[in-house]
Amino acid sequence: MKDTLKQRMARGTTYGMNIYGTASMPIEVAGNWGLDFVFIDAEHTSLGIDRDMEKLILAAHYAKVHSLVRVRGTLDWDIRKALEMGASGVIIPQVHNAEQMRSIIRSSKFPPVGRRGGDSSVRSAQYAGPNFDWSTYIQTENERTVIVPMAESYEFFDNIDAILDVEGIDAVHFGPADYSLSRHLPVDYRLGNPEVLSRLQLLIEKCHARGIQVMVPCFPADGETARRLIEMGSDMLLMGSDLSWLNQAGQRISAIRREIGQ
């Protein structure tokens with residue numbers, strides 16, 4: 001690709017979609033329509049950091065859309081493998097404190113920023129092809145990889161300043177559903193609960209003060225909601241998923257069947 005995801009982020013609002021299935025087609029379609037990134041989920045799906053994941057990352061490369069992999073947790077192996085496979089970055093769920101955040105940076109960045117283990121026989125190193133140089137590789141990887149912890153619990157907000165002060169965070173993904181669950185609140189992706197909305201506003205304020213972007217699910221995925229989130233200060237919008245778009249098609253088919261009486 002001609003530009004990194006960080007370069008796209010620096011130019012303004014970026015748009016992506018969640019990928020829950022193992023098929024490469026939705027990623028290629030996302031690239032056809034000019035999306036900036038896909039959010040490949042290995043936390044809540046059957047995907048692992050395995051052949052299916054490699055296939056999806058390669059599909060993103062082919063479609064010229066950046067890939068962010070939501071790994072299973074703060075696992076050194078998952079983070080390193082996703083980046084070595086060529087993902088543009090990682091999204092890490094259930095980050096509750098600064099020590100977890102420091103561990104994520106240690107796993108995802110090479111020295112002197114972190115302690116990521118290295119090997120030149122991987123895609124991110126172009127398999128040590130012509131003109132490979134370790135110092136250039138290390139610098140390039142540290143610069144290109146996007147690190148996105150998730151703010152999806154009351155513990156994150158209890159420790160928000162300490163977490164955000166850890167060097168190496170590029171964006172934070174706000175998870176309204178899990179935050180609501182952690183506080184025993186009704187789940188509402190529309191941010192209808194005043195407490196959930198106030199947490200997003202606080203996150204935007206504190207992230208922007210540190211030059212960190214904020215990723216938010218845009219629900220419903222329409223222009224009105226997108227404008228409202230951007231006006232609040234959201235930087236990266238998730239415009240639905242492969243599954244949500246399939247469900248919308250199913251709803252239309254069901255409505256047509258009722259309309260014609262079948």
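Scope of the values below: all heavy atoms of this structure, side chains included, with no hydrogens, waters or symmetry mates. The chain is numbered in sequence order, starting from 1.
- The backbone N or O of Lys109 lies less than 3.5 Å from no partner atom in the side chain of Asn142, so there is not a single donor-acceptor pair.
- Within the structure, the side chain to side chain donor-acceptor pair (under 3.5 Å) test picks out the following pairs touching residues 182-191 (sequence neighbours left out): Arg183-Glu195.
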| Chi angles and distances behind the salt bridge (Lys or Arg N to Asp or Glu O under 4.0 Å) call for Arg210, Asp161 | CA-CA 10 Å; Arg210 295 167 169 84; Asp161 287 309; 3.1 Å; yes
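- In this structure, Glu84 contributes its side chain and Ser124 its backbone to no donor-acceptor pair below 3.5 Å.
- Annotation: salt bridge (Lys or Arg N to Asp or Glu O under 4.0 Å) contacts involving residues 27-36, sequence neighbours excluded, comprise Arg8-Asp36.
- Here the side chain of His208 pairs a donor or acceptor atom with the backbone of Gly233 at under 3.5 angstrom.
- Note on residues 217-228: pairs passing side chain to side chain donor-acceptor pair (under 3.5 Å), not counting sequence neighbours, are Asp222-Thr225.
- Each side chain to side chain donor-acceptor pair (under 3.5 Å) pair with one or both residues in residues 211-221, not counting sequence neighbours, would appear here, but there are none.
- Here the straight-line distance linking atom CG of Asp133 with atom CD1 of Ile138 works out to 8.5 Å at 0.5 Å rounding.
- Pairs engaging residues 60-74 under the side chain to side chain donor-acceptor pair (under 3.5 Å) rule: Asp41-Arg70, Glu43-Arg70, His66-Ser88, Arg72-Asp78 [sequence neighbours left out].
- Under the 3.5 Å distance criterion, the side-chain polar atoms of Arg116 are left unmatched by any main-chain donor or acceptor of Phe110.
- Every residue was checked against the side chain to side chain donor-acceptor pair (under 3.5 Å) condition with Asn131, not counting sequence neighbours, and none meets it.
- Considering only heavy atoms from C-beta on, Asn97 stays 4.5 Å or farther from Glu155 through its side chain.
- Salt bridge annotation for Arg106-Glu99: present, with a cationic side-chain nitrogen under 4.0 angstrom from a carboxylate oxygen.
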